[in-house]
Q: 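Pasting a structure here, questions to come.
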Amino acid sequence: PANAATYDPQCFRAAAAAGATVQLPAKHGPYRIAFANGFIGNGWRVQMIQTLRAYAAQPDVAKQIKELRIVSVGTDVSAQIAAMDNFINAGFDAILIDANSPTAFKPVLRRAQKAGVLIVSFDNTFDRTGKETNLIQVNQDQRAMGQMMGDWLNSTMKEKKSVLEVRGVPGNSVDRDRHEGFRAAMAKDPGVQITEVVGNWDDGTGQKAVADALAVHGNFDGIYTQGGSIGVTHAVMDAGKGFIPIAGEGENGFRKLIVAHANDGLLGDSAGQSPALVAVALKAALAALDGRALPQEIAVPIPEANYKTLVAGKTYFPDVSDTFFAASDFPVCSINLGAKDILGASGK
Amino acid sequence: MNGSDIRLFARHNAIPLLAGAVFAAMFVLYLALQPRGVTVGTLVTASNKGVLLALIACAQTLPVLTGGIDLSVGAIAVLANCLASTLLGGSGLSLVGGVAATLAAGALAGGFNAVAVVWGRLQPIIATLATSSIFYGISLLLRPDPGGDINDDFASALTGDIHGIPTTLIILLAVLLLFWLPFRRTLIGRGVYAVGSAEAAAYMSGVRIARSKACAYVLSGVLASLAGLLLTLIAESAQASAIQAGDLTLNAIAAVVIGGTSLFGGIGGLVGSVIGAFILRTIGDLLFVLAASPLWQPLFQGLILLAAVSLGAIPLLRNRNRLESFR
Amino acid sequence: MSDPVPLLELRHVVKRYGAVTALADGNLACGRGSIHAVLGENGAGKSTLIKVISGVVQPDEGEMLLDGTPVRFSNPLDAQARGIVCVFQELSLIPDLSVADNIGLVSPPRRFGLIDDRAQRRRAEQLLARVGVEGIDPRARVRDLPLSRRQMVEIAKALGRDPKLLILDEATSALTSEDVGRLSDLLLRLRREGMCILYISHRMHEIRALADTCSVFTNGRHVASFETRAHGEDEIVRMMIGREVSQVFPPRPAAPATPLAPVLSTHDLGWEDRLRGISLAVAPGEILGLGGLDGQGQREFLLALFGGLGGCTGEIRVDGKPVTPGSPLAAKAAPLGIALIPEDRKTEGLMLAMSVADNLTAATLSRWRRGPLLDRARERSAVGDIIRRMQIKAVPSLPVATLSGGNQQKVVIGKWLLDEPRILLLCDPTRGIDVGTKQEIYRLLRELADGGCAILLYSTDYHELIGLCERVAIFYGGRVVRTLEGDGITEEAIIASALDIHPTTQPAA
Amino acid sequence: MSGAPSRALATRAALASRIDLPLFASSLCILAILAIGAAFNPSVVSPHYLIQQLQSAAFLGIVAFGAMLVILLGHIDLSVPWTVAAAAMVSTGLAGQGGAGGGGGGLLALPIALAVGAAIGFVNGLGVAYLRIPSMIFTLGVNAVLQGLMVLYTGGSAPPSTAPPIARALSGGHLIPGVANAIPIWALLGVLVTVLLRATPFGRAVYAIGNRERAAYMSGMPVRRVVLGCFTLAGCASALAGLLVTGYAGKAYQGMGDIYLLPAIAAVVLGGTSIMGGRGRTSGTVAGTILIVLLQSMLAVMQMPDAGRQIIYGMVIFVMLLIYGRGHVLRT
Ligand SMILES: Nc1ncnc2c1ncn2[C@@H]1O[C@H](COP(=O)(O)OP(=O)(O)OP(=O)(O)O)[C@@H](O)[C@H]1O
Ligand SMILES: Nc1ncnc2c1ncn2[C@@H]1O[C@H](COP(=O)(O)OP(=O)(O)OP(=O)(O)O)[C@@H](O)[C@H]1O
Ligand SMILES: [Mg+2]
Ligand SMILES: [Mg+2]
């Protein structure tokens, strides 16, 4: 029932039909928005921050924002909690967060709630307790993503005897969710033997792990990798045993490889976490501050493209760096940022 | 204290005093730039994250004073974090038991390091590198997925304030006053310095070397687990994160050096390391109040860290006897 | 032996290090109220004997009796508990702790289980006064004290443990004659109070002045024990090294008819508050002595010449041209050709774990190069030559740590001889070296000087200055207070100038 | 000293130098790992798998050579992660496909990478040798600064990151059929490092400084320049590894160096180099590298859960160190 009542359901789609909604007393803009980022030392995070700044600079968004303050605190959980406390103490209206831990923010969420500050978490979101009234979470459904990749592999693999699963960083909730979704999809066909290696979402690590697995286990019928897809693809190419279907992340370079080798048998599916999630999060924050009702758990559509559907300049960019994450826009949310907009954001 | 006492004290504690002044300046600047003025909340926030790193830095200081190093302090804190997250759900006695068990686990981990370094005669830097891997593995076993159930009244009380004074700051002061000051004046405590300064001479003099060294590692484990406990209370949960462990370990080493403890052992102390930890934490706070451009922040942080650790080089640059700068 | 039951008795004690037998047959008996000297060449096993007695190492065979009952110590603490306290040759002070902390290191006065700082400082003051060095501030860091002060602190520390048996292993090697005098008085007083003292030194005159009995060791074996007066100095030396040491110092050559132009001179050289306007000159073939109390700037002076000190004022001239050596590297290089034999061979002279050969060629690596690579064959033959020339008892491929102190010192000197320096600076080169080796070193220095090398020699042993030098510059408070020449170099003159007393009987030089 | 004990000492030393315990022990351990792996899955001893391990070992091994130079001095270089990444990213950015110097197969990438690595190492060396800041902490700071610079670099311009052809050729090409070029490059570097350490004045100075820096200085060795040189070479080694990894993975990216720091140090130490400096050999480092790579790979191949992998990895290093420690006690 929630869906019908919430604002812009096209963009802000509830993750679960019966999920909770959030509606705050309307405030008057322009607003002071903060972003408590954690780690910044990888391409995804840098692109995400660039996307945020590019989106916030768009005229109709910019006029709703009085101040946008961004800090990156590194990987330490306590530092990120402190950054949020600082923002709360400094009287910001809403805080965006890409959390270092799914569980560590319960206390600071309570404090935010007391202070009437809206929290919008995205990408690495929280495990909710159910009591939060000031929290909106924006994410792609990680479990669904894993499941989607599993289903795609199931439908694409020629034979279905053995599959290689390349996992992410151990102990991380995204890794857990995608893994569970993937396994749920694969469980439909109990005959498949799944081999698991850890790739840490890193190209070098993933490539080594896949190369070793290929050398020791012979060939696989398909691979699902949560990240480091370029490295994984190179491992398959280096093994010289021919291409197999690979379901991977959203790196531009992976998509370029798929396009280049689709005819040789590299059947690839690419779906991944979009750095533009941050723009959806900002949009949601502004809407909620305006007093609109939003689902508490917003499931952003998963930007998926496979060897049949990839389009140059739209879902992949031949002239742009491999490390760019190609899924950079969400048309349903009127977030239409191309590679140019994002890469130009540092000009200011 | 008369004049010459003060002069001697200043000469022997030049770096910690300098670091203290730097910290005071940074923190005053931070408070002055607070958009909404200084509140108890501001202080509690600064204290909570500062004390966490300060405790790890204290844990790191003891082995460093013996001339060793403990690269597993972060992993022990994470291990304690994971363990505590399963033990601190109850109330009353079970809470006390949970705290005790966590600290005991820290002591055990520290004891393992002690055995390796003291009786196994392994080089501390590499032995603790190996044990940190082991401790992290155990953390993953204890908590394969992030989570945990913590008594939130207990957590709020310990991460809040008492009459406007942050509770964590009181805990830190208690560690310094009730543990460190007396410890330095025990035979074992002085042994820690003696061993770090000149191990062979200490042995010849009849200092109980093994006992002092072992004690340094065990106490380091306890302090690290105290930090892990605090992390559990701040986050009301746990995550077996190798990154977090590495981050804490390296920051702690930086804090120790900034605080004037010599990495060669024998010189320094917990107070300096605490100041060093607070300096490191204030860097991030300053970037916040100064609203630095997000892409420039990591570079600023790195440069300030580099500058801060270079403070320790000033006395050496002044040194006119060139020999002194070669070991 | 007059005492029926000696305080300490060792019977046929053996100590092996792997294949090396450091102590083959250690026998010793010493009673209360006596000073017992242990004599022997470098490597004779004296230190090993001491280490066994004081619990640093455990003997492989033999027995040790304390008050007639067999004992076995598993560490130094055990021995200390039984009243055996040792002042080790390698100092056992903790550089980063204060003097008071060091003196009270293991058994400080305590209150409520914690160390009582004030009481500890008082006790340190008392003990320092007892050894006669009231001037040392008990709060000062040991690191900041000169070596000679540290040795006095070390002795005070040992006394603080109320020893029944006090062992001094070359504890006087770095002391100035003034300190030695004070220490002798103290030791004689302690003997009267009933303490037993084991005294190891390579300085014969000290032993003659102090010891009641002597035990001589060679090659790890006890060869004789006797009343000190029973044998003359020459006899004792013969027992130690198995040959005659006829003339300790080589004869001085006649002074050249026309004085040569100085190769090295300093003009008003200053550094911090340790060197104040030093002007000295040394000519080729000359051995210029630096004397005075320890720590009056002699070391700093040599270090300044060798490029070890930054921010010097004044001028250094080599061959009349002003130079500013910025590092030892610059000092040793071609136009200057300076070499320094440093004070502490273990930390400044040698890479202990590296081989004798590698140490010997460490200062001259660029000489053994062919193209970018080292010419091993040439290097090896140079090492062989220098080992033969200096009679170093060593296997070139073994770590230099396995050599006895005297041979280690020869390696340090040999390293610089390979560089054929024009100017040789020596900082107390015979510290802890036995008579025989000393003699060889003296002969070598004279040989070098005759070959045209200019030598500056700092020594804490004034016999050396008297025996070797043409001129001796006496340092006091960072200045040269007097320069003694020729026959004016006497014990009395050196001591008087060292204390900056101006004797009226002698006109100033 | 009499003749007999010195002869005995000489034989003992000769024996000790002939049986290099760390090399011996790590080789045994490598064989044991292979045997256990083969029992689990026979294809582990296939030439294909083994050559693949050697290729991975080459990347780590090149970093480890650099780490060894620095560790022999008694120092440590914690800036490896971002030196690897920075050299790779800057060189691909400038000379990769689409970069300014992209012509000619991106040949310029090699000199650019080496120059970046050398510059970083030079800065490390300046801080350690001239400012006398402890290397552990100075290189840590430099690592943080490099991270900041790379965030700015990628954020500011999104430089090209596709591996230039020269990187692909260096790392994955096959001059010797069936053997990736990275392996002969590693071997060649091994020979060069051995010659540098064993047969040049520079190498002798490295050991001397590691043994006792002050004595080396007082012997008139160019201590600071040697320290500077070692850090610079270490920077070059990391940079070369960065370029090879770029060629292997097909792109340069942030964080690509993270997995090399601690394993490189572990490899050096398992190879018998004393972490305090002054003692160690190239052959040991090679063995240590292979041991680490094989252990990591085998644990992954055997489907060991991550907790178990961490514990076993730590335990193996631990036990090996204990064995070396015992050997050392026996020798002295
Ligand atoms: N740790 C050791 N390892 C091997 N050999 C040793 C060791 N310590 C001593 N030795 C051997 O024992 C012999 C005796 O050494 P010791 O130190 O007792 O001589 P010393 O009489 O004190 O000489 P010096 O006059 O130089 O002090 C040495 O020649 C050496 O060969
Ligand atoms: N590792 C070793 N192997 C063999 N012999 C050793 C070893 N270490 C020390 N020694 C021997 O131990 C003896 C004592 O060593 P030490 O370091 O005490 O020299 P030293 O007594 O200071 O020399 P000196 O008294 O002449 O100054 C030396 O004579 C040396 O031969
Ligand atoms: Mg001796
Ligand atoms: Mg000796």
Side-chain angles (χ1 to χ4, degrees), chain A residues 32 34-41 45-46 49-50 52-53 67-92 99-111 115 126-127 129 169-173 175-177 200 345-346 348, chain B residues 34-42 44-53 81-82 85 136 139-140 143-148 150 152 155-156 159 227 230-244 246-248 251 281 284-285 287-289 291-295 297-298 301:
Chain A
R32 297 175 65 210
F35 173 31
N37 183 39
F39 184 54
I40 193 176
R45 293 288 174 118
V46 172
I49 286 182
Q50 295 293 73
L52 175 61
R53 297 169 77 198
E67 181 184 5
L68 175 64
R69 183 89 60 96
I70 303 172
V71 291
S72 299
V73 297
T75 51
D76 183 8
V77 170
S78 70
Q80 199 174 21
I81 294 173
M84 291 187 65
D85 275 319
N86 279 334
F87 287 132
I88 295 170
N89 293 334
F92 279 80
N100 281 344
S101 153
T103 54
F105 293 81
K106 274 177 268 175
V108 72
L109 283 177
R110 284 200 302 267
R111 293 192 283 272
F126 302 137
D127 294 348
T129 57
V169 171
N172 185 291
S173 59
D175 170 62
R176 173 196 64 198
D177 294 347
N200 280 340
S346 61
K348 316 174 185 67
Chain B
Q34 278 293 314
R36 282 201 170 174
V38 181
T39 62
V40 172
T42 323
V44 169
T45 302
S47 166
N48 282 358
K49 71 169 172 174
V51 170
L52 175 67
L53 183 58
N81 180 212
C82 292
S85 72
Y136 172 61
S139 315
L140 265 179
R143 188 150 283 296
D145 294 313
I150 281 85
D152 30 314
S156 306
T159 54
L230 181 58
L231 179 59
T232 317
L233 298 177
I234 292 176
E236 291 191 14
S237 69
Q239 180 176 16
S241 160
I243 296 175
Q244 169 99 37
D247 192 272
L248 287 175
N251 275 315
R281 290 305 206 190
D285 287 338
L287 292 180
F288 160 70
V289 289
S293 158
L295 289 185
Q297 285 175 17
Q301 295 222 358

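Being a predicted model, the structure only gives us computed values, none of them experimental. Order of the sequence lines fixes the chain letters, A, B, ..., with proteins taken first and strands second; residue numbering starts at 1 for each chain. Below, all heavy atoms of this structure are taken into account, side chains as well, without hydrogens, waters or symmetry copies.
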Q: Which bit of B:I234 comes within less than 4.5 Å of chain A, counting heavy atoms only: side chain, backbone, both or neither?
A: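 It is both, since atoms from each part get that close.
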
Q: Chain B heavy atoms under 4.5 Å from A:N37: which part of the residue, side chain, backbone, both or neither?
A: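 Neither; nothing under 4.5 Å.
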
Q: With only heavy atoms counted, which part of B:D152 is less than 4.5 Å from chain A, the side chain, the backbone, both or neither?
A: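 Backbone plus side chain of B:D152, per the 4.5 Å heavy-atom cut-off to chain A.
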
Q: For the pair B:E236 (side chain) and A:K106 (backbone), establish whether a donor and an acceptor sit closer than 3.5 Å, ignoring hydrogens and angles.
A: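 No.
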
Q: Heavy-atom pairs under 4.5 Å with chain B: which of A:V108, A:I70, A:D127, A:N86 has the most?
A: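 The option with the most such pairs is A:N86.
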
Q: Give, as side chain, backbone, both or neither, the part of A:V73 having an atom under 4.5 angstrom from any heavy atom of chain B.
A: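 The answer is neither part of A:V73.
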
Q: Has B:Q239 got a side-chain atom pairing as donor or acceptor with A:S173's backbone, closer than 3.5 angstrom?
A: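 Such a contact is absent between B:Q239 side chain and A:S173 backbone.
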
Q: Any idea which of B:D285, B:T45, B:T42, B:T39 has the most non-hydrogen atom pairs under 4.5 angstrom with chain A?
A: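 Of the options given, most contacts go to B:T45.
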
Q: Considering only heavy atoms and a distance below 4.5 Å, find which of B:P146, B:P298, B:S85 pairs most often with chain A.
A: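 Among B:P146, B:P298, B:S85, the one with the most close pairs to chain A is B:P146.
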
Q: If you tally heavy-atom pairs under 4.5 Å against chain B, which of A:A79, A:A83, A:P102 wins?
A: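 Result: the option with the highest number of such pairs is A:P102.
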
Q: Among B:G284, B:A240, B:A291, B:A238, which residue forms the greatest number of heavy-atom pairs with chain A at distances under 4.5 Å?
A: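 Among the listed options, the one with the most contacts to chain A is B:A291.
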
Q: If every non-hydrogen atom of B:F288 is compared with every non-hydrogen atom of A:A90, which pair is closest and at what distance?
A: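 Scanning both residues completely, I find the closest heavy atoms to be CZ-CB, 4.1 Å.
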
Q: Kindly give the heavy-atom pair with the smallest separation between A:S78 and B:L52, and that separation in Å.
A: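 The pair with the smallest heavy-atom distance is OG-CD2, 3.1 Å.
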
Q: Which of the residues B:K49, B:Q34, B:Q297 is involved in the greatest number of heavy-atom pairs with chain A at under 4.5 angstrom?
A: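 Most heavy-atom pairs under 4.5 Å with chain A: B:Q297.
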
Q: Show every salt bridge (charged side-chain N to carboxylate O under 4.0 Å, His left out) that has at least one partner inside residues 74-92 of chain A, sequence neighbours left out.
A: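 The answer is A:D76-B:R281, A:D85-A:R111.
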
Q: Is chain A contacted by the side chain of B:A292, its backbone, both, or neither, given a heavy-atom distance below 4.5 Å?
A: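 Just the backbone, heavy atoms under 4.5 Å.
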
Q: Is B:L53 in contact with chain A via its backbone, its side chain, both, or neither, using a 4.5 Å heavy-atom distance?
A: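 Contact with chain A: none, neither part.
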
Q: Please check if atom CG in B:L287 has more than 12 non-hydrogen atoms from other residues, nucleotides or ligands closer than 6.0 Å.
A: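 Atom CG in B:L287 is crowded, with more than 12 foreign heavy atoms closer than 6.0 Å.
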
Q: Identify which part of B:V289 has an atom lying under 4.5 Å from any heavy atom of chain A, answering side chain, backbone, both or neither.
A: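 For B:V289, the backbone is the part near chain A, not the side chain.
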
Q: Please determine whether side-chain contact (heavy atoms from CB on, under 4.5 Å) holds for the pair B:L295 and A:Q50, giving the CA-CA distance in whole Å, both sets of side-chain angles, and the decisive distance to 0.1 Å.
A: CA-CA 9 Å; B:L295 289 185; A:Q50 295 293 73; 3.3 Å; yes

Q: Does B:Q244 form a side-chain contact (heavy atoms from CB on, under 4.5 Å) with A:S101? I'd like the steps, not just the answer.
A: CA-CA 10 Å; B:Q244 169 99 37; A:S101 153; over 6 Å; no

Q: Would you check if B:P294 and A:R53 make a side-chain contact, meaning some heavy-atom pair closer than 4.5 Å?
A: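 They are in side-chain contact.
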
Q: Which atom names give the shortest non-hydrogen contact between B:A235 and A:V77, and what distance separates them?
A: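 Between these two residues, the closest heavy atoms are CB-CG1, 4.4 Å.
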
